Amino acid sequence: MTNLAQWLADQPVDPKLASVVASMAAASVEIARVLRTAPISGQTGLAGQTNVQGEAQKALDVISNDLVVKHLERNAEVSILVSEELDEAVHFSNQGAYLVATDPLDGSSNLDVNVTVGTIFSVLDATAGLLQKGSAQLAAGYAAYGPATSLVLSFGQSVSVFTLDEGGDWVLTAEGLRVAEASGEYAINTARERFWDAATRGYVEENVAGETGAAGKRYNMRWVGSMVADIHRILMRGGIFLYPLDSETAAKGGRLRLLYEANPMALLVEAAGGRSTTGHESILEMMPTGIHQRVPVILGSAEEVARVEAWYARG
Ligand code: AHM
Ligand code: MG
């Protein structure tokens with residue numbers, strides 16, 4: 001059995017970078033502990049404040065953010081933190097070379113129903129500024145707090161999975177993950193159909209038509225409403241996730257955030273052989289204009305992403 005510390009020591013990356021990943025992994029262990037017993041300790045419901053995006057923060061959003069801050073602040077290699085829960089970037093007193101962008105608790109609307117949520121993070125070179133393309137990411141990962149607590153990591157070349165054991169240690173349970181090239185599963189919030197553009201509508205209609213439609217095969221739909229859970233399924237058994245631009249989200253640029261949701265997930269999916277796009281361009285090549293920038297997100301099995309791109313190319 002290989003644990004995270006042993007695995008990190010073996011990676012061909014700067015040990016300082018590895019230590020940043022270890023800090024996020026340690027924060028995730030603490031978040032997992034809090035989540036497991038939150039209904040007993042009363043750490044549920046709203047925190048009574050909204051974040052910069054105008055969203056009501058849950059008590060656990062705030063607690064998770066505080067735990068990430070605690071662990072990163074202690075790590076001399078980290079100088080900047082961008083968090084979904086913090087309006088501005090935090091500049092630590094450390095002069096470390098790394099910047100972490102994180103959604104400390106993604107999918108928090110699922111907390112009260114005990115459905116998988118997660119912590120997503122991206123590591124960048126702090127000297128290159130706050131706004132960098134996703135292709136500049138040095139590492140990305142997420143923890144998924146589900147029946148098992150999983151940590152999925154990549155330094156850009158391959159994707160590894162760790163599982164949290166009873167003692168609070170991350171044990172390597174899968175390496176070299178590959179996203180199946182083809183799949184019959186798609187994930188999209190179909191309640192938004194009336195806002196969809198022609199490309200999204202065309203793609204989904206073909207899927208719903210199944211073997212009688214242009215796609216020529218039967219599809220199944222899965223939508224957890226937690227990006228971490230939906231992407232984890234895609235990494236494990238293929239499929240496609242879509243939160244495209246629609247007429248309601250157009251003014252904001254999309255629903256999901258580029259720096260700490262779309263970019264790390266796109267890096268993981270691409271490092272596992274999948275694809276990612278906004279519909280028009282690669283997510284990883286988008287130049288952000290703000291730390292909380294939103295973006296359309298389409299990622300997963302290469303063949304499915306290509307089908308969606310073909311719909312967008314029709315104009
Ligand atoms: P959050 O960061 O505020 O939790 O929002 C992100 C979540 C994703 O996890 C999920 O894919 C999406 O928002 C769900 O959106 P919707 O409620 O429109 O289905
Ligand atoms: Mg989120």
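Given the structure is predicted, the values throughout are model-derived calculations rather than measurements. Computed over heavy atoms, backbone and side chain alike; hydrogens, waters and symmetry mates excluded. In each ligand, atom 1 is the first atom listed, and ligand 1 is the first ligand listed.
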Element-labelled atoms of ligand 1 that are located less than 4.0 Å from some non-hydrogen atom of Phe241 | 11 (O)
Side-chain donor-acceptor contact under 3.5 Å, Asn94 with Arg74 | no
Which atoms from ligand 1 have a heavy atom of Tyr243 less than 4.0 Å away?
-> 15 (O), 16 (P), 18 (O)
Looking only at distances, please establish whether an N/O atom of ligand 1 is found under 3.5 Å from an N/O atom of Arg192.
-> no
Mind checking whether Tyr312 and Asp197 have side chains closer than 4.5 Å, heavy atoms only?
-> yes
If you measure from each heavy atom of Val117 to ligand 1, is any distance below 4.0 Å?
-> no
Aromatic rings Trp223 and Phe241: how do their planes relate, parallel, tilted or perpendicular, breaks at 30° and 60°?
-> parallel
Flag side-chain contact, heavy atom, 4.5 Å: His232 against Ser150 = yes
Check: of Glu85, Arg255, Glu248, Met227, min heavy-atom distance to atom 11 (O) of ligand 1 comes from Met227
Polar atom proximity, Gly107 to ligand 1 (N or O, under 3.5 Å) | yes
With sequence neighbours excluded, tell me which residues meet side chain to side chain donor-acceptor pair (under 3.5 Å) with Glu73.
-> none
Please say whether more than 12 non-hydrogen atoms of neighbouring residues, nucleotides or ligands are located less than 6.0 Å from CD in Gln157.
-> no
Which of the numbered atoms in ligand 1 are below 4.0 angstrom from a heavy atom of Glu261?
-> 2 (O), 6 (C)
Just which atoms of ligand 1 are under 4.0 Å from any heavy atom in Arg257?
-> 1 (P), 2 (O), 3 (O), 5 (O), 6 (C)
Output yes when Lys133 and Glu281 qualify as a salt bridge under the 4.0 Å nitrogen-oxygen rule, no when they do not.
-> no
Here the atoms of ligand 1 under 4.0 Å from any heavy atom belonging to Glu84 are 1 (P), 2 (O), 3 (O)
Ser226 neighbourhood, listing ligand 1 atoms whose heavy-atom distance to it stays under 4.0 Å | 9 (O)
Among Leu124, Val20, Leu72, Asn75, whose side-chain contact (heavy atoms from CB on, under 4.5 Å) with Tyr98 holds?
-> Val20
Heavy-atom contacts under 4.0 Å between Asp230 and ligand 1: side chain, backbone, both, or neither?
-> neither
Run the numbers for me: atoms of ligand 1, each under 4.0 Å from some heavy atom of Ser108, listed by number.
-> 4 (O)
Report the part of Val228 in contact with ligand 1, treating N, CA, C, O as backbone and CB onward as side chain, heavy atoms under 4.0 Å; options are side chain, backbone, both, neither.
-> neither
For Asp103, counting its heavy atoms only, list the atoms of ligand 1 lying under 4.0 Å from any of them.
-> 2 (O)
Phe162 ring center near Trp7 ring center (under 6.0 Å) | yes
